[in-house]
Amino acid sequence: MNVSLKVVVLAGGGSSRFGRDKASEPIRGQSSLDRVIEAAANLGPVWIVGGARKDHPLIEGFIPDLELKGGPVQAVVAAMRSLGKVPLL
């Protein structure tokens, strides 16, 4: 059985415990978000949920958070509402 999979990267959050923007944090010369996007793109189309809109050639689309400071559960709900009934990873 061939399953169409969409990969959802939760990129929102205030990084309050980290003290600065986690997504922009450089790791070996590349932002942590770019590293996640590149790894995730090997699995299927990548959708970013929340955070600042980011242009990247491997991103299929961007889904805004349903509410600020809503946490990861609301980000998953936003992805499900936006992408419909497809398997999400």
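Just the heavy atoms: all of them, side chains too, but no hydrogens, waters or symmetry mates, feed the values below. Everything quoted here is computed from the prediction, not taken from an experiment.
Applying the side chain to side chain contact (heavy atoms under 4.5 Å, CB included) rule to Arg17 yields no partners; only residues at least two apart in sequence or on another chain are considered. Residues satisfying the side chain to side chain contact (heavy atoms under 4.5 Å, CB included) criterion with Arg81, sequence neighbours excluded, are Leu66, Val77. Qualifying side chain to side chain contact (heavy atoms under 4.5 Å, CB included) partners for Ala11, counting only residues two or more places apart in sequence or in other chains: Leu33, Ile48. Partners of Ile27 under the side chain to side chain contact (heavy atoms under 4.5 Å, CB included) rule, at least two apart in sequence or in another chain, are Ser32, Arg35. In this structure Glu60 satisfies the salt bridge (charged side-chain N to carboxylate O under 4.0 Å, His left out) test with no other residue, sequence neighbours excluded.
The side chain to side chain donor-acceptor pair (under 3.5 Å) contacts involving residues 70-79 comprise Asp65-Gln74, where partners must be two or more places apart or lie in separate chains.
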Val76 and Val49: CA distance, side-chain angles, deciding distance, side-chain contact (heavy atoms from CB on, under 4.5 Å) verdict | CA-CA 8 Å; Val76 171; Val49 181; over 6 Å; no

Would you check, one step at a time, whether the test side-chain contact (heavy atoms from CB on, under 4.5 Å) holds for Met80 with Lys85?
-> CA-CA 7 Å; Met80 292 170 67; Lys85 295 183 178 183; over 6 Å; no

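Distance check, rounded to the nearest 0.5 Å: CH2 of Trp47 to CG of Leu83 gives 5.5 Å. Atom OG of Ser31 is separated from atom NZ of Lys22 by 13.5 Å, given to the nearest 0.5 angstrom.
Counting all heavy atoms, side chain and backbone alike, Val7 lies closest to Ala40 at CG1-CB, 3.6 Å. Residue Ile63 comes nearest to Ala79 through the heavy atom pair CD1-CA, 3.9 Å, listed as atom of the first residue, atom of the second, then distance. In terms of heavy-atom proximity, Ala41 sits nearest to Leu58 at CB-CD1, 3.9 Å.
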